[in-house]
Structure formats: C-alpha cells, structure tokens
Amino acid sequence: MKEELATRYEPSQFEKRIYAFWEEGGYFTPVVDKERPKFSIVIPPPNVTGRLHIGHALVNTLQDIIVRWKRMSGFNTLWLPGTDHAGIATQMVVEKQLEKEGISRFDLGREKFVERVWQWKEQHATEIKDQLTRLGASADWSRERFTLDEGLSRAVRYVFVKLYDDGLIYRDLAMVNWCPRCRTAISDVEVEFKETNGKLYHINYPIEGTDRFLTVATTRPETMLGDTGVAVHPEDERYADLIGKNAILPIMNRPIPIVGDAILVDREFGTGVVKVTPAHDKNDYEAGLRNNLPQVQVIGEEGRMTDAAGADFSGIDRKEARERVVEMLREQGLLVKIDQHQHNVAVHGKCDTPIEPMISRQWFVKIEPLARPAIDAVRNGEITITPQSWEATYFNWMENIHDWTISRQLWWGHRIPAFHCTNGHTTVSMDDLTTCPQCGAEVTQETDVLDTWFSSGLWPFSTLGWQGEGSEDAPDYQVFYPTDTLITGFDILFFWVARMIMMGLRFTGKAPFSQVFLNGLVRDEQGRKMSKTIGNVIDPLDVVNEVGADALRFTLAVSASGRDIPLGKSQIQGYSAFVNKIWNASRFAMMHIDVDLKHAGPIERDNLKTVERWILSRLNAVTREVNKQLSLFRFDEASKAIYQFFWHEFCDWYIEMAKPVLLGKHGTDDDRKLAKRVLLEVLDRSLRLLHPFMPFVTEEIWLKLGGVEPSIMIAPYPITEEVLEDSEAERLANAVRAIITTVRNLRAERGYTPKDRFTLFIRGSNPRESNFFREYAYLLTELARLNEVSVEGEPPAGAHLDVVEGFSIAIVFPEKVVSAEQLEKVRRDIEKTRTELEAMQAKLGNEQFVRNAPPQIVQATQARVAELQKKLETLQQNQ
RNA sequence: GCGGAGUUAGCUCAGCGGUAGAGCAUCUCGCUUACACCGAGGGGGCCAGGGGUUCGAAUCCCUUACUCCGCACCA
C-alpha cells in the first residue's frame, strides 16, 4: 500500500473533506430512468423554526442507513430532502424575535411580516442543511424542497380546489378549538390534555318565583356569564318538576330555562345539574342546539371578555374574570363551596395556552371519505407499519376521526384560494380572481391560511413534481413515485403519516409509500425526556465535533429498536471506541497488505487453511444477518452483528491468529500471501458492511484500499455467498479458540503468570482432526503461551484433564502448590457439570419428553449428556 | 373509561417455546511493536407476583401490581 492512515483516528481531519468528495462525485443524485429498479424516500421535512436536535439526528441517521444500504445494493436511490414552513411554529418564533425589538406583527403588517419570516427561513434552512451534512446524510440536495415552493404551492392549491369541488372541503360556523394566544383555530390533534389540579366551584342558581336553588358545579365559573340554560336529567325525580321553569343566572340576573337533557347530564355526577354555555363548551354547544338555547359569546378571540359579559367584565382577561366572578358570587352568598378537583385542561400543544372552545366560521375537510381507503391500505397490507403495534393506534384514530379544521388565522402559510365578494358569494379558484364570477362584484381573497399539515400531507408527491391534473408525467414523479419507505417519529403518526396516506390515495390513486418505520423518542440515560429545563439536552453537533459523526450514528443505530432510546455520554463513548478500533485494525492490516483491491485477484479457495475458511464463513453469516435485519428495520440487531464480528471475531481472534504468518514467524511465503489476501478481503467486506452506519471512516479507509469504484458509497453491498459457508471450519476454529480460552482460564485460576509455560496434550477423534491440531499447534502455542503441544503423546499422571468442545485435553503445569481456592473452583466446576447432567438425564428419563419432543431436540440432549458425562469423569480425575 | 406497550445482571436493553445474553459499569491480571478509546480473565439474574397450557415456559394464555404512551373525557 502506498498510502497510509494517520496514526490517530481524528474524524475532524477528514469528515468534511469526505462529504465534499461525495458531493463532487454526484453520488447523491440518482438518474431519472424508469427502467432501473429504484428506491425512494422523502425526508420528514424539519420545521424551519431552528436548529436540529438529537431526535432529528436519529431519524435522519436511520434514513441514511437505509438509503446507503439500498444504494450500495444496486437501487437507483433517491433521498429527497427539504424543510417545512411550519405555520404556527415559525410564525411564533419570528413573533418572539419581533417582541424583543418591541414590536408586534400587527405593527409590521401582513406583507412585511411575511417578508421577515422568509428571511428567517432562508437562514435556518441553510443551517439545517449544514447540520444534516455534518451527519453524513446522503440526500440529493439538487432536489431540495420547501413546502412553500412555487411547485408545491400549486399542488396545494390544486388539492384544495379539487376537494372543494368534490364537496369534501366546506366552510361553516362550528365549535372549534381556539388558541387565544395564537389567535387562530387549531385542529383536534393539535390539542393536548394536561392533567391539572384545579377547582370545582359549586354555585347556587336561584329558581325563578321560588326560594329554591339549583346547585351547579363548574371548573370554569367565568363562562357562566354566557350561560343560557341549566340542564338536569329528564328522569331525575329530584328536579323533574323544575323542567320548563327558569333559573335566574346570578350576576347577570337573567332568566334562563331549565331543560331536561339525558345526553348532557349524568345523574350520578356531582349534583346532577349542569350549567349550559353553548358558546364556550363543545358538549354545551350540542346541548344548546338540541334545546334551542341561544349562544352568547362572552370570551373573545384574544381571551378577553366581550361586551356580552356585561360592563363589569367587558375587556378583562378570562383568568381575571374568573376571580371576579367567584368574588361576586361569594358576596352574593351564592357560592356554595370550592372543591379540589383534578381534571384535564385542553391546551394548544405548540404554546401550552388553554384552549378556548369557540364558535367560529372555518374551513373543514370532510374526512371520513378520505379515511376509509386509508384504513383499508393498512388493513390489506399495502402499507405496513413497523413496529406493528402502532397499527392498532392508527386504526383506532382513523375509525373515530373527526372533520379536519384546516383554516388558520395566521399570516405564514398557503393562503386559502377562496374569494369573497361583497354580495356574500365565495368562489374557490385555481386562478386569482378580481371579480366575482357570480355577480361581477369586486372580490377579496380569504385571509386565512392552511394548516401546515395540509401541505405536508402532499409531500411525497408534491416534491416530485406532481401539481395536480396534467402534471402526472413529471419525470421524477414517474420514476420515483410511490416512494418506498417512510421513517419518522411516532409522534406525528396522526399529524402527518395518516394525512399523507389519505391524500396520496385520493390524489395519486396509490399509497405514497409501502413501509412506515416509526422510531422511538430519544431520551437521556435515565429515560427522561430531553428538555432545556432539566438541562439534559444533547446537541448532535456537539457530539459530532467531539467524537465524529460515525460514533454518533452508530450509537443511535445500536439503540434504535423502535422503542424509546436512552442516550448518554457513556453509550456514545463506547461506540466511539469502536470506531477507533476499526481505524487501528485497518492501520494494522494496511501495514501488511501490499496490493490494492483492483489488483488483488480472486482468492484461491482451494489453498485456504481452516482459520481463513472460518473467518470468511463467519463474515458470510454476518453479511446475511445484517441484510436481513436491515430489511426488518432492526438497526440495533444489524449494527450489533457487525460490531460483534469486527471486534470480537476479526480483531480479537482472526488478526491475532494471522499474526504469526503475517509477521513471518510461521508458514511459507505463499501462506503469507494468502493470509494477506484474506485480510484484505475481510477488511474490504467489513468496511462495506459498515458503511451505511459509519460512512465517513469507512470511506476514508476504503479509498486507500484502491477499489475499482471511485467511492465506497457506490461499491456493492456485500451479499451472502454460499461457497463461503464452512461449518466444519467453524467447528474446528471454535475448538481452537475454546482450548486457548481454557488454558488462559486455568492460568489465571491457578495463579500462574503469563510467562509460565505449559504442555498441552490433545487428541482428535480421527486423523483429519489430528492433522488439524498438528497444523495449528503453533497457534495454540502462541496464543495460549505453551511450550509444547502434543497430538500423539499420552499425558502423564497428574496432568489436568478437561473436555473442550468435545475434545479431550490434558495440561501439564509446572510444580506449584494448589491453593484451597483453586480446589474449590474445581469442585464448583464439577458441581455445575453434575447439576446440568442430572437435569438432562432427568429429561431423557421422562418418557413423555422422549415421545413428544422433536427428535433433533432429543438427540441434542443425548449428545449433551454424553459430553457432560465425559467432562464430569475427566474433571473428577483432577481431584 | 377504551386501546397499546413495558416490568430479564448495578444501569440501558436484546432474547419471545427447547442448556439465561449484549453494551456500559464493577473486580483481578497485563504497557505482548494496530489500538490503554487496548488485551486476557472473573463476579453478578428463583427473567415483577400468582395461576394455567405443555414432555418442556423469560418466551403462550389468564390474573394482580406498578410504569409509560395514545385516544376519549363528567360539568
């Protein structure tokens, strides 16, 4: 080898250079060719709100592993990157920025404000790209998309218009979730419930014309100002006579009817009397419709009380209003009691502000017709979800889905393509209108924008050039749609995954992807959620700077099983040691390899010795395992398999076994040549196996091996080759390893030093085995530190006897007093062997076991018994 | 309330019907010319409790307890 590796593994020395090398090579960009087998995947577009966190590092590492694996496996592979405009979230961060400057978005006005958000977007989209680059993401940046791009916006507009024309989008006055802080309606999925220790207020409502009261209980006394009725259960004897009478609403002194409503009222709960506020509670809203109760809006869009709440309250905040209402009730003697009450408060997931249910005119998607095919697609296996347990959650949600509120009273987003005229006509149109098609009056465009997830729902096809009817021949769409795999967090299963499935099926007639893998949440070592308040947040870029991208990626892969992922410094450190190991093993190999891959020629299998056959056979098995586990999204199993092989088989054993030959201490020149060739082979294949997990270090090393391909990332991914399988070589090599381990154990147990040398007697059960041990006597001598290995001789009396992997061995130790501790150890060994033997014999003595268990199990048990018997007898001779 | 997941070595988890595993941590011994981010070796578990199915259960079924996550939500 001409080139050598640096003495120390320092990722910062080459990671950026390697990434630039890939970009220059154009390896991230697939060809647009319908004939070639393709693999495509779209990134879950990160929000342009800020920097990427460790969760992004995870989801993008997992995608890159799959993408690199598929690309090396011969697929024409596209990983399409991009970002999401993230309506509310981005608007919020920019508003906060403005706040620091002492202005609000209203001071700027819509147009100027949106300009500011675009500036923000440009800056952060660049930053996000840089971060993904540092992680090694092999995404095709030439196809980078943003949800507000012109093409994607056209697709959004087309979908909106089409759904409207099909009667699946409507505009209506309805009870919606209103966020007073963001001053917009939000959809059901954006509402989160927070368990809160609140209060339950019991209030007396006087009954008109009597001196009786009805006691109602409420958690939100301020809403009573908008009460327009009191409900009891129609069959409740306690109150039956009151139905039809009026109660007097305290403070407001307004008569409100007492109605019977079996749906709203649960007789058993509380006093069995419910105040009805149709304008500020979903259940009350419906009860109000049933009983013809008027809707009085007492809380406005900003969470302040309206004029309808009366002069005492108009304009004050809803929180303050609550205190004042309670105070007034107390003064009037109508407050019965206040109980502690634990209940769930609905808050806006983005800003934690308590939701105000409110009647408002909004745009909705009639969802049921879209949901049905989406349910079927998962049910009939067109789409699989991994881990499968999420399918139940998916069905549960889809089957109980409610219409989707898609309008947002925001400025940042896709403006709804509806045009209102002064005569009250509304027209939805692909083209911008200036006059009303119905009456010719002037029109203005709807000011609301669409829910961010409306555009994200089209992501798998809008990013590939689909823009509605007539755009289906877009080349990327033709070649890469439908995509194959979607990898994302389970937290956006409803927000995003479900919507993509619905939209994809509706508009392209195809499921947008066939496999969904939902990854877990990254947590800290103690399983806690990472949060700024706890201070346990790990910034992926810090880790990359510290230990390199490869160590971080490998740690994430090893930890990712679909469940929550505990991540801490110790884990990352452990796997950065592994990268270091790869580096140093490669360094060692390259000191001996003297011909590059291009000129190495095929391996002459007939000349291979047992140890070489063994390592190649093991490598082949690992290759099978990795390919299989990756196809199942078992990143943990796949990465652990290579880790185990590379470190504990290749480095710990094979390299050590090859050293005597490589260093010229043993064997012929041809032996050495062959050993070098095998060393190169195993290193090459291992690097290729590892590449999807550790792209940088594998490339840095592999380039120096002089392969045919210009980059490891387009070299073929190893596949299983039957000729490499060799169970006999594995059996014999395992025996050698076990014998060496046994000698090492005994050395330690008996208190000998590494310098003490022993004589080993070993016997094969046939001439072939004897020859094998004769051939590898030098290895036993070297690695077990012996002075002699005797294959023929009879061990002298007093030698330590044992049976290892079925082979009888005897070891002659130099004179040394055997301590009580050592005798104890022998005794325990015997005890352990005897216990197992007895258990096995009992099994065989059980007629039902022999009769019912599969024959191979019975045989294996018999074989084990024979082995244990032999071992027990041998061990007993040591006493 | 409905649904899902979990409870295995000190920690984090894998194994999901046939002799209890890994990583980290811990202890002992070693600076053997790739690597001390190393090597060799050791200790440590009635697989949450109970019941059942089976020749055989950490693994399947039932049940209890606790934890977590969705969804729904009673004022």
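Letters go in sequence order (proteins before strands), and every chain restarts at 1.
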A/Val189 vs A/Gln571, nearer the 5' end of RNA chain B by closest nucleotide
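Closer to the 5' end of RNA chain B: A/Gln571.
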
Taking for each residue the nucleotide of RNA chain B bearing the nearest heavy atom, is the 5' side occupied by A/Leu200 or by A/Asp188?
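The residue closer to the strand's 5' end, by nearest nucleotide, is A/Asp188.
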
Check: [Y] main-chain N/O paired with [X] side-chain donor or acceptor under 3.5 Å:
X: A/Asp339; Y: A/His341; answer: no
X: A/Trp583; Y: A/Ala6; answer: yes
X: A/Arg747; Y: A/Asp756; answer: yes
X: A/Thr271; Y: A/Thr215; answer: yes
X: A/Asn204; Y: A/Phe213; answer: no

So what does [X] touch, heavy atoms closer than 4.0 Å: a base, only the sugar-phosphate, or nothing?
X: A/Arg744; result: sugar-phosphate
X: A/Val276; result: nothing
X: A/Asn846; result: sugar-phosphate

If the [atom1] atom of [N] is compared with that of [M], how far apart are they to the nearest Å?
N: B/rA48; M: B/rA14; atom1: P; value: 13 Å
N: B/rU12; M: B/rG51; atom1: P; value: 29 Å
N: B/rU32; M: B/rC37; atom1: P; value: 15 Å
N: B/rA40; M: B/rC24; atom1: P; value: 13 Å
N: B/rC74; M: B/rG15; atom1: C1'; value: 45 Å
N: B/rG56; M: B/rG17; atom1: C1'; value: 8 Å
N: B/rC16; M: B/rU33; atom1: P; value: 42 Å
N: B/rG70; M: B/rC38; atom1: C1'; value: 47 Å

A/Thr741 vs B/rG41: side-chain N/O to OP1/OP2 distance below 4.0 Å:
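Yes, because at least one side-chain N or O of A/Thr741 sits under 4.0 Å from OP1 or OP2 of B/rG41.
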
May I ask you to evaluate whether A/Asn745 reaches the phosphate of B/rG42, defined as a side-chain N or O under 4.0 Å from OP1 or OP2?
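Result: yes.
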
Between the base of B/rC73 and the side chain of A/Asn344, is one N or O donor paired with an acceptor at under 3.5 angstrom?
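Such a pair exists between side chain and base.
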
Contacts of A/Glu838 that satisfy salt bridge (charged side-chain N to carboxylate O under 4.0 Å, His left out) - sequence neighbours left out
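With sequence neighbours excluded, A/Glu838 shows a salt bridge (charged side-chain N to carboxylate O under 4.0 Å, His left out) to no residue whatsoever.
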
Side chain of [X] (C-beta onward), nearest among [options]:
X: A/Phe490; options: B/rC69, B/rC73, B/rA75; result: B/rC69
X: A/Tyr575; options: B/rG23, B/rA75, B/rC55; result: B/rG23
X: A/Asn283; options: B/rC73, B/rG41, B/rA14; result: B/rC73
X: A/Phe849; options: B/rC24, B/rC74, B/rG18; result: B/rG18
X: A/Gln848; options: B/rG23, B/rC55, B/rA14; result: B/rC55
X: A/His341; options: B/rA75, B/rG15, B/rG23; result: B/rA75
X: A/Ser570; options: B/rC24, B/rC55, B/rG42; result: B/rC24
X: A/His343; options: B/rA75, B/rG23, B/rG4; result: B/rA75

Check side-chain hydrogen bond (donor to acceptor under 3.5 Å, both in side chains) between A/Lys194 and all other residues, then give those that pass, not counting sequence neighbours.
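If we apply the side-chain hydrogen bond (donor to acceptor under 3.5 Å, both in side chains) test to A/Lys194, skipping adjacent residues, the hits are A/Asp352.
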
Protein-to-nucleotide contact annotation, 5' to 3' order, nucleotides 31-39 of chain B [B base; S sugar-phosphate only; - none; under 4.0 Å, heavy atom]
-B-BB-BSS

Tell me which nucleotide, if any, is Watson-Crick or G-U wobble paired with [N] when both distances must be under 3.5 Å.
N: B/rC71; answer: B/rG1
N: B/rA65; answer: B/rU7
N: B/rC38; answer: B/rG30
N: B/rC60; answer: B/rG52
N: B/rC46; answer: none
N: B/rC13; answer: B/rG21

Output the rounded distance in Å from [atom1] ([X]) to [atom2] ([N]).
X: A/Lys640; N: B/rG15; atom1: NZ; atom2: P; result: 8 Å
X: A/Asp491; N: B/rG70; atom1: CG; atom2: P; result: 9 Å
X: A/Met398; N: B/rA72; atom1: CE; atom2: C1'; result: 18 Å
X: A/Glu637; N: B/rG21; atom1: CD; atom2: P; result: 16 Å
X: A/Asn852; N: B/rG17; atom1: CG; atom2: P; result: 19 Å
X: A/Gln629; N: B/rA14; atom1: CD; atom2: C1'; result: 11 Å
X: A/Ile263; N: B/rA72; atom1: CD1; atom2: P; result: 20 Å
X: A/Phe635; N: B/rA14; atom1: CZ; atom2: P; result: 16 Å

From A/Val547, A/Leu552, A/Val543, A/Asp550, residue fulfilling side chain to side chain contact (heavy atoms under 4.5 Å, CB included) relative to A/Ser576:
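Option passing the side chain to side chain contact (heavy atoms under 4.5 Å, CB included) with A/Ser576: A/Val547.
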
What residue among A/Leu249, A/Thr277, A/Ile299, A/Val325 forms side chain to side chain contact (heavy atoms under 4.5 Å, CB included) with A/Leu225?
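Looking at A/Leu249, A/Thr277, A/Ile299, A/Val325, the match for A/Leu225 under the side chain to side chain contact (heavy atoms under 4.5 Å, CB included) is A/Val325.
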
For atom CD of A/Gln342, decide whether the heavy atoms of other residues, nucleotides or ligands shown that lie under 6.0 angstrom number more than 12.
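More than 12 within 6.0 Å, yes.
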
Determine whether A/Lys704 and A/Ser586 satisfy the following criterion, side-chain hydrogen bond (donor to acceptor under 3.5 Å, both in side chains), listing intermediate values before the conclusion.
CA-CA 10 Å; A/Lys704 299 194 193 317; A/Ser586 304; over 6 Å; no

